[in-house]
Protein chains: 2
Amino acid sequence: MDFGSYVRAVREGRREADVRFSVRQVAQRVGVEPAYLSKVERGEQPPPSEATIRRLAEDLEEDADVLLALAGKISGDLREVICRRPQLFGALIRELKEMPDHAILRIVREVRDGSW
Amino acid sequence: MDFGSYVRAVREGRREADVRFSVRQVAQRVGVEPAYLSKVERGEQPPPSEATIRRLAEDLEEDADVLLALAGKISGDLREVICRRPQLFGALIRELKEMPDHAILRIVREVRDGSW
DNA sequence: AGCGGTGTGTAGTACATACTACACGCATGG
DNA sequence: CCATGCGTGTAGTATGTACTACACACCGCT
């Protein structure tokens with residue numbers, strides 16, 4: 001699933017319950033031209049900037065990280081964290097690359113619970 | 001320390017032991033114009049592309065991830081890993097954001113040693 | 001019949017990215 | 001003294017990013 005198709009699917013879904021989720025109205029709330037959003041949804045244009053994707057995610061009540069990922073982008077705050085200690089986070093991420101979700105989730109929980 | 005200054009420092013260091021590390025010769029091996037490398041080192045031009053940074057890192061025997069980080073970029077393979085499971089890795093990285101190096105290293109080791 | 005709202009086609013813009021090509025003056029060695 | 005290599009200044013290019021502006025045809029409503 002690419003960025004455009006996903007956004008279109010989500011928006012059309014929302015629209016079934018709320019007429020305010022037309023291309024035009026979403027575009028207006030997000031602050032872009034309707035024609036542009038239309039083209040992005042159809043993949044005729046590449047995904048928008050991080051800032052625009054964030055506003056779009058908020059309007060559609062979608063997770064910004066997921067939309068950014070579909071656009072092949074990484075949240076600015078995550079990039080900063082990694083760039084501050086690239087070897088450390090590089091090693092960690094490459095180590096966890098093939099790990100199943102539950103193993104990673106377990107680490108997240110254990111770190112959060114302060115077993116460290 | 002910005003990207004340019006760092007590269008310049010490393011290259012000048014290497015040069016003390018090996019005359020092959022002039023701007024011109026490094027540029028030639030890396031595959032860019034000497035004037036361009038010169039400008040990048042002095043911060044007159046923004047850092048090069050990921051591919052060029054990788055070739056530069058190899059020539060200078062520096063860690064590519066470190067150079068990429070100084071350029072504010074994230075290695076393509078790491079981006080792919082994160083983009084495949086954005087929520088999971090997002091949660092993990094944000095959880096580890098303020099953690100000291102040794103805590104993260106411990107996780108890396110424990111994952112590698114297969115205590116999971 | 002006409003008005004508002006719909007999606008979309010076409011064209012164009014401003015800025016960033018990622019460089020190349022050529023030229024200049026300096027210095028060091030044969 | 002001049003050839004070689006050095007770093008660097010100036011100018012220019014191609015491609016990508018991130019959009020805007022306007023126009024068109026269609027559909028439902030009153």
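In what follows, every chain begins at residue 1, and chains take the letters A, B, ... in the order their sequences are listed.
Listed by residue number, Arg11(B), Arg15(B) are the residues of residues 11-21 of chain B with a heavy-atom contact under 4.0 Å to DNA chain D.
The number of heavy-atom neighbours closer than 6.0 Å to CD of Glu12(A), taken from other residues, nucleotides and ligands shown, is above 12. When the shell of 6.0 Å around CD of Glu50(A) is examined, it contains more than 12 heavy atoms from other residues, nucleotides or ligands. Around CD of Glu95(A), the count of heavy atoms belonging to other residues, nucleotides or ligands within 6.0 Å exceeds 12.
In this entry the distance linking CZ of Arg8(B) with P of dC6(D) reads 13 Å, nearest Å. Atom P of nucleotide dT17(D) and atom CZ of Phe3(A) are separated by 14 Å, given to the nearest angstrom. Summarising the geometry, the separation between CD on Gln25(A) and P on dG4(C) is reported as 15 Å, rounded to the nearest angstrom.
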Subject >> Per-nucleotide protein contact string for nucleotides 9-24 of chain C (B base, S sugar-phosphate only, - none; heavy atom under 4.0 Å) >> reply: BBB------SBBBB--
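Other cluster members for Val7(A): Met1(A), Phe3(A), Tyr6(A), Val10(A), Phe21(A), Val23(A), Val26(A), Val30(A), Val32(A), Tyr36(A), Leu37(A), Val40(A), Ile53(A), Leu56(A), Leu60(A), Val66(A), Leu67(A), Leu68(A), Leu70(A), joined by side-chain heavy-atom distances under 4.5 Å among Ile, Leu, Val, Met, Phe, Trp and Tyr.
Residues Ser22(B) and Arg11(B) have side chains that never bring a donor and an acceptor to within less than 3.5 angstrom of each other.
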Original post:
Can Ser49(B) and Arg54(B) be said to form a side chain to side chain donor-acceptor pair (under 3.5 Å), step by step?
Top reply: CA-CA 9 Å; Ser49(B) 66; Arg54(B) 286 192 182 284; over 6 Å; no
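For the OP1/OP2 pair of dG7(D) and a distance below 4.0 Å, the side-chain nitrogens and oxygens of Ser22(B) include at least one atom meeting the criterion.
A salt bridge is absent between Asp113(B) and Arg106(B); no separation between the charged side-chain nitrogens and carboxylate oxygens falls under 4.0 Å.
Contact record, Arg42(A) with Arg8(A): CG-NH1, 3.8 Å, taken as the closest heavy-atom pair.
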